[in-house]
Amino acid sequence: GASTEEKKVHIVYMGSLPKGQYSPLSRHRSMLRQTVQLDSSVETSYIRSYSRSFNGFVAKLTDSEKQRLSNMEGVISVFPRKTLQLQ
Amino acid sequence: TTRSWDFIGLQESATRNAQAESDIIIGVLDTGIWPESESFNDKGFGPPPSKWKGVCEGGLNFTCNNKIIGARYYGGSRPNSTQSARDGDDGHGSHTASIAAGNRVNNVSFFGLAQGTARGGVPSARIATYRVCQPDGCNDEDILAAFDDAIADGVDIISISLGEAEATDFFEDTIAIGAFHAMQKGIVTSHSAGNQGPSYGSTASVAPWLISVAASRTDRLFIDKVVLGDGRTLVGKSINSFASPATRFPLLHGKEVSSQCSENNSMYCNEGCLDKKLVKGKYVLCKSNSGDFEAFAAGALGAIVRNEPYIDFSDVVALPAVLLSAKEHDLVLSYVNSTKNPQASILKSETIKDAEAPTIASFSSRGPNFVTPDIIKPDLSAPGVEILAAYSPLDTISFTFDDPRRVHYTLLSGTSMACPHVSAAAAYVKTFHPDWSPSAIKSALMTTALPMSDAKSLGGEFAYGSGQINPVAAVRPGLVYEALKEDYIIMLCNIGYDAKKLQVLSGDTNTTCPKLPVTASPKDLNYPSMAAEVFPAKPFNVTFHRTVTNVGLATSSYKAKIVTNSKVNIKVEPEVLTFKSLNEKKSFLVSVSGSGLPVKSRLSASLVWSDGTYSVRSPIVLHTQS
């Protein structure tokens, strides 16, 4: 199953921060909990959140986890981390 | 820089709003900064502006001051990374930061070359450094983290001189994502267009809410001369800071100083081919344009290399070396082959005035925009070739040579160097108009840009966008084309994003996609340039809708003028816009019709609105792809 797939670092982009009561970090972890196969994997998958100016997080995901997250409400895009170059 | 700001008209004597400039904060997302550089000392600076909400968390061996008011670093836990915002691995971040906002520093040069007063475009502005690049590259997750912080910290301008190799969807492009949220908060993002030129469609900087910057040349041209034993002098390229020798030295062909490579490999001076004993005290003639690296590694006295494939700028060399055109290189080869004891002397570089400038560098990435072909990218151009600016005193002064010289200022070329010119120009405009939106500032820079020559820059508008920035004129643009978050949302609706995603993007549950006609496209965005992709070989009739805001004289009347060499019919309706107050808005239509364009071709024109005082120019481009 998914647990044998290779996990790669992905960015989960969720647009602007919702107005009102909203805790980005707990929301991101909760989304990840619903996505990864085992609860214990959340800790090893989660890398960091973006929560000061916009909404999103970084996690190690398999292709199927990426797919599940992409279909979740509030997610704009899930894409693998790339390395950019100085110009 | 010691020339570029003068070249684009922002002289030291330019009118400045000193207090406002001191309140500007430029966030530089790069390799960090060298805080001890003279370009960043805080003599004469007061405490950070009260709006600043950032921190100085520069990590190891890093202290902020009243010039560098903020520092953060990212990716420090990766192997071989540094837990510091100090630009100790590269020098690129110090260079870009000083182009934008470096202090005035007198008597700066590169070993006597390009001497002058080095200064950033807004020397009184503050810098916040966000180190997003480590020796293993600049990761998406770190770039996004830096945008997240910089926006919240309260910077005014974001300058980002790095990028991807090719354009991607806006929401899989971290710079486009970050710039969108910056724009929402009134922050201008200036981004390098890329160094993948001159290929068609090579720019990866495509989002309409940021400014994509191409690299142009200034009128300061570096040349280097080689004098052959028969007295002939040939002129080539290089930034060769080594003193001209008093005598001539033996000049040998690469194949004569190799003992272990094939003739073909040795004539190119390929890696490992030159014999250290044989090259000592001699110049080497190499057929490869990178033969000087091998000549340096082998300990040769100097190198004459061949400019093939052709490049149109000079790099710093670590030994006396000159890059000759294929024709001139052949002359040297002929001399070496026909002379018993060939000799030469490679002179120190000099600078001459380039009457052709400004032109776009061949390396500068070109449009069209492969994500939204109806938006011209790059947007505009700025100096990005052979720019002298601050550098970190690293173990090497070159990205390619293991050059042991330590310098505090060096010359670099790239759209990386062009980008901070626009960051500073945007900051300069903002000091006069602190309440202008990012799109108004961008419009001011684009509509006042100096037109450039299609004949001299391959790709025309796809090379230079609206032209070369003119910061002083941009302060008084007359009219601006403004686009706010809602306008970009409609453009995103146009290209197929659904309203639900756009609600998430904007954070506004009232966001909807209006019912759009089938002809709706990003060309309808209120952009300061106009472009449309049309079908090849078919008659076309394209209409652009635009609205301008009066920021010039309260009472004014602007007349439209179309400038074109193309066989095309362009109508503007109405042809006169009359304003009765400041900030009044007026809309107009531009219709372009013609009988058909060949495959992969481009038709150019300009619309100029003029009231006799202000001149507001927008390029119009119709193009076809395959």
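Residue numbers begin at 1 in each chain, while the letters A, B, ... track the order of the sequences.
- A ring-centre distance under 6.0 Å is found for F171(B) and Y497(B).
- For a residue to count as touching a neighbouring chain, one of its non-hydrogen atoms must lie under 4.5 Å from one of that chain's; by this rule I160(B) does not touch chain A.
- Contacts between Y50(A) and chain B at a heavy-atom distance below 4.5 Å involve backbone atoms as well as side-chain atoms.
- The candidate from N139(B), D142(B), D140(B) with the greatest count of non-hydrogen atom pairs under 4.5 Å with chain A is D140(B).
- Contacts with chain A were tallied for G414(B), G137(B), S192(B); S192(B) has the most, counting heavy-atom pairs under 4.5 Å.
- Interatomic distance, I489(B) CD1 to F180(B) CZ, rounded to the nearest 0.5 Å: 4.5 Å.
- K66(A) NZ to K7(A) NZ: the interatomic distance, rounded to the nearest 0.5 Å, is 14.5 Å.
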F147(B) vs Y130(B), test: side chain to side chain contact (heavy atoms under 4.5 Å, CB included). Steps then yes/no.
CA-CA 9 Å; F147(B) 268 106; Y130(B) 298 86; over 6 Å; no

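- Counting heavy-atom pairs closer than 4.5 Å to chain B, the top residue among H10(A), Q85(A), M14(A) is Q85(A).
- Here H181(B) and Y488(B) keep their ring centres 6.0 angstrom or further from each other.
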D149(B) and R52(A): CA distance, side-chain angles, deciding distance, salt bridge (charged side-chain N to carboxylate O under 4.0 Å, His left out) verdict
CA-CA 7 Å; D149(B) 284 331; R52(A) 296 185 73 198; 2.9 Å; yes

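- The CD1 atom of I99(B) sits 5.0 Å away from the CE atom of M417(B) when rounded to the nearest 0.5 Å.
- Interface residue I175(B): only side-chain heavy atoms are found under 4.5 Å from chain A.
- Most heavy-atom pairs under 4.5 Å with chain B, from the set L84(A), V9(A), N55(A), I47(A): that is L84(A).
- Counting non-hydrogen atoms of neighbouring residues, nucleotides and ligands closer than 6.0 angstrom, the NZ atom of K53(B) exceeds 12 such neighbours.
- For D169(B), no part sits under 4.5 Å from any heavy atom of chain A, backbone or side chain.
- Within residues 15-24 of chain A, the residues having any heavy atom under 4.5 Å from a heavy atom of chain B are, by residue number, G15(A), S16(A), K19(A).
- With sequence neighbours excluded, no residue satisfies side chain to side chain contact (heavy atoms under 4.5 Å, CB included) with N80(B).
- The parts of T415(B) that come within reach of chain A are both its backbone and its side chain, each placing non-hydrogen atoms under 4.5 angstrom from that chain.
- Less than 6.0 angstrom separates the ring centroid of F313(B) from the ring centroid of F363(B).
- Within 6.0 Å of NZ in K8(A) there are 12 or fewer heavy atoms belonging to other residues, nucleotides or ligands.
- What you find for D379(B) and I211(B) is that their closest heavy atoms are OD2-CA, 3.5 Å.
- When heavy atoms are compared at a cutoff of 4.5 Å, Q184(B) approaches chain A solely by way of its side chain, counted from C-beta outward.
- Under the 3.5 Å distance criterion, with hydrogens and angles disregarded, no donor-acceptor pair is assigned to the side chains of S392(B) and D90(B).
- Chain A forms the most heavy-atom pairs under 4.5 Å with one residue out of K500(B), K501(B), E164(B), and that residue is E164(B).
- Contact annotation for residues 73-83 of chain A against chain B (heavy-atom separation below 4.5 Å, listed by residue number): E73(A), G74(A), V75(A), I76(A), S77(A), V78(A), F79(A), P80(A), R81(A), K82(A), T83(A).
- Interface summary for chain A: among S365(B), G93(B), C138(B), S416(B), the most heavy-atom pairs under 4.5 angstrom belong to C138(B).
- The side chain to side chain donor-acceptor pair (under 3.5 Å) check on H95(B) picks up nothing, with sequence neighbours excluded.
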Does H92(B) form a side chain to side chain donor-acceptor pair (under 3.5 Å) with T31(B)? I'd like the steps, not just the answer.
CA-CA 6 Å; H92(B) 187 276; T31(B) 59; 4.9 Å; no

